[in-house]
Amino acid sequence: MDKHEYAKMEFFYKKDLFYLEKIIKPTTFHNKKKDLLLSIDTFYAEWCPNCHYDVKTLKKVFNLFSDDLVDFNLNMMLSSDKNSINFIKSNNLQIPFKMSNLKKKDEESFLKTTYSKFKNEVKDERKWGFPLHIIDNKEGVKVAVIKGEIIKKEMLEYLNNLIN
């Protein structure tokens, strides 16, 4: 078993993150919730062992909060569409998702992506940077970033405080 990369939330001022709005665009337009309080954007790669561990917690969070004013978006990165869809199906994910234009682990191309530039802005020093979660409180001046696997208790407390 590979080692886990549990990571505490870190907070950044939105105004300091040039690439934030470029990577957290909504993945779907069928969301009926007009007054969304926050969005949770997750970035996974199907070949990432930590994403396979983390998806269980993400599913639990989604099941608890998807009926609230939370917009969940899953971004599958650096994998073929087929492998990404297999990851989604095998984990029975109901989270709206989109595929990256970059379909393989190509470091030179990856370094040019908006995602890679955002990773640098938040000082994520992991080579590929998966999993990564961005929790954007729409009315807040800061955004929460998790550079690794979700610490379930921390995430649940944070979301409950924002929603209640």
Side-chain angles (χ1 to χ4, degrees), residues 1-29 31 36 38-62 70-138 140 142-152 154-155 158:
M1 179 156 125
D2 292 328
K3 71 177 192 164
H4 287 279
E5 288 185 349
Y6 293 108
K8 288 192 164 288
M9 284 183 203
E10 295 180 43
F11 294 87
F12 299 87
Y13 286 101
K14 293 178 190 180
K15 66 178 178 60
D16 296 337
L17 299 174
F18 177 77
Y19 293 100
L20 177 65
E21 288 187 22
K22 296 177 184 333
I23 68 166
I24 63 169
K25 294 177 184 172
T27 55
T28 61
F29 298 102
N31 195 325
L36 292 170
L38 59 111
S39 66
I40 299 175
D41 288 83
T42 295
F43 296 83
Y44 280 166
E46 61 80 23
W47 45 261
C48 162
N50 298 97
C51 296
H52 285 269
Y53 301 138
D54 191 61
V55 73
K56 294 170 185 75
T57 304
L58 180 65
K59 254 177 86 166
K60 289 176 186 170
V61 172
F62 176 77
V70 179
D71 186 27
F72 285 83
N73 298 292
L74 175 62
N75 301 274
M76 294 302 296
M77 310 281 292
L78 305 181
S79 302
S80 70
D81 289 353
K82 179 182 176 185
N83 289 347
S84 293
I85 289 170
N86 285 341
F87 175 88
I88 291 163
K89 283 182 178 178
S90 68
N91 288 291
N92 195 26
L93 290 176
Q94 303 301 312
I95 300 171
F97 65 91
K98 68 179 177 182
M99 305 293 182
S100 149
N101 292 333
L102 193 56
K103 305 293 183 190
K104 61 183 179 179
K105 288 168 74 173
D106 173 356
E107 190 170 0
E108 185 178 330
S109 297
F110 177 70
L111 293 174
K112 296 174 187 171
T113 65
T114 303
Y115 177 79
S116 180
K117 292 172 183 174
F118 176 80
K119 244 175 50 64
N120 289 334
E121 280 186 323
V122 296
K123 298 176 181 34
D124 185 348
E125 296 176 0
R126 300 171 300 153
K127 181 174 180 175
W128 299 104
F130 302 110
L132 184 114
H133 307 275
I134 301 168
I135 305 166
D136 181 16
N137 175 356
K138 300 297 183 181
K142 291 184 177 181
V143 64
V145 178
I146 302 170
K147 300 181 271 189
E149 293 173 69
I150 297 168
I151 299 171
K152 184 178 171 184
E154 178 187 47
M155 172 79 99
Y158 181 68

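Everything numeric here is computed off the predicted structure, so don't read it as measured data.
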Of all the heavy-atom pairs spanning [X] and [Y], show the shortest one and how long it is.
{"X": "D54", "Y": "I150", "value": "OD1-N, 2.7 Å"}
{"X": "E46", "Y": "S79", "value": "CG-OG, 3.2 Å"}
{"X": "S39", "Y": "K138", "value": "OG-NZ, 3.5 Å"}
{"X": "H133", "Y": "G148", "value": "CD2-O, 3.5 Å"}
{"X": "C48", "Y": "F130", "value": "SG-O, 3.7 Å"}
{"X": "K119", "Y": "W128", "value": "CD-O, 3.5 Å"}

Go through the structure and list residues passing ring pair (Phe, Tyr, Trp, His ring centres under 6.0 Å) with Y6, not counting sequence neighbours.
-> H4
Using the test ring pair (Phe, Tyr, Trp, His ring centres under 6.0 Å), find all partners of F62 that sit at least two apart in sequence or belong to another chain.
->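 Listed in chain order: F72.
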What's the separation between atom [atom1] in [X] and atom [atom2] in [Y], rounded to the nearest 0.5 Å?
{"X": "N120", "Y": "E125", "atom1": "CG", "atom2": "CD", "result": "9.5 Å"}
{"X": "F118", "Y": "F12", "atom1": "CZ", "atom2": "CZ", "result": "7.0 Å"}
{"X": "H52", "Y": "W47", "atom1": "NE2", "atom2": "CH2", "result": "10.0 Å"}
{"X": "I24", "Y": "L17", "atom1": "CD1", "atom2": "CG", "result": "9.5 Å"}
{"X": "T57", "Y": "I151", "atom1": "OG1", "atom2": "CD1", "result": "10.5 Å"}
{"X": "K82", "Y": "M99", "atom1": "NZ", "atom2": "CE", "result": "13.0 Å"}

For the pair Y115 and F43, name the ring-plane relationship: parallel under 30°, tilted 30 to 60°, perpendicular over 60°.
->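 Y115 and F43: tilted rings.
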Pairwise side-chain contact, [X] with [Y], heavy-atom cut-off 4.5 Å (strictly under):
{"X": "I146", "Y": "M155", "result": "yes"}
{"X": "D81", "Y": "M76", "result": "no"}
{"X": "I23", "Y": "N75", "result": "no"}
{"X": "I134", "Y": "I40", "result": "no"}
{"X": "L93", "Y": "K59", "result": "yes"}

Apply side chain to side chain contact (heavy atoms under 4.5 Å, CB included) to the pair V145 and I135, showing each step before the final yes or no.
-> CA-CA 6 Å; V145 178; I135 305 166; over 6 Å; no
Where the side chain of E154 meets the backbone of M9, is there a donor-acceptor pair that is under 3.5 Å apart?
->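 Answer holds: yes.
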Within the side chain of S84, is there an N or O that forms a donor-acceptor pair under 3.5 Å with the backbone of S80?
-> yes
Residue list, side-chain contact (heavy atoms from CB on, under 4.5 Å) with K60, at least two apart or on another chain |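 Here the qualifying residues are K152.
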With L102 via side-chain contact (heavy atoms from CB on, under 4.5 Å) - residues at least two apart =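 With neighbours one apart ignored, the set is L78, S100, S109, F110, T113.
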K104 atom NZ, over 12 foreign heavy atoms within 6.0 Å =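 No, not enclosed.
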Consider only side-chain N and O atoms of N73 and D71, and report whether a donor and an acceptor are under 3.5 Å apart.
-> yes
Residues passing the salt bridge (charged side-chain N to carboxylate O under 4.0 Å, His left out) test with D124, sequence neighbours excluded, are R126
Pairwise side-chain hydrogen bond (donor to acceptor under 3.5 Å, both in side chains) hits with a residue in residues 10-22, at least two apart |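 The answer is E10-K147, K14-D136.
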Kindly indicate, with the supporting measurements, whether the criterion side chain to side chain contact (heavy atoms under 4.5 Å, CB included) is fulfilled by K117 and E121.
-> CA-CA 6 Å; K117 292 172 183 174; E121 280 186 323; 6.0 Å; no
Decide side chain to side chain contact (heavy atoms under 4.5 Å, CB included) for Y44 and T42; before the verdict, give the C-alpha distance in whole Å, the side-chain angles of both, and the deciding distance to 0.1 Å.
-> CA-CA 7 Å; Y44 280 166; T42 295; 3.5 Å; yes
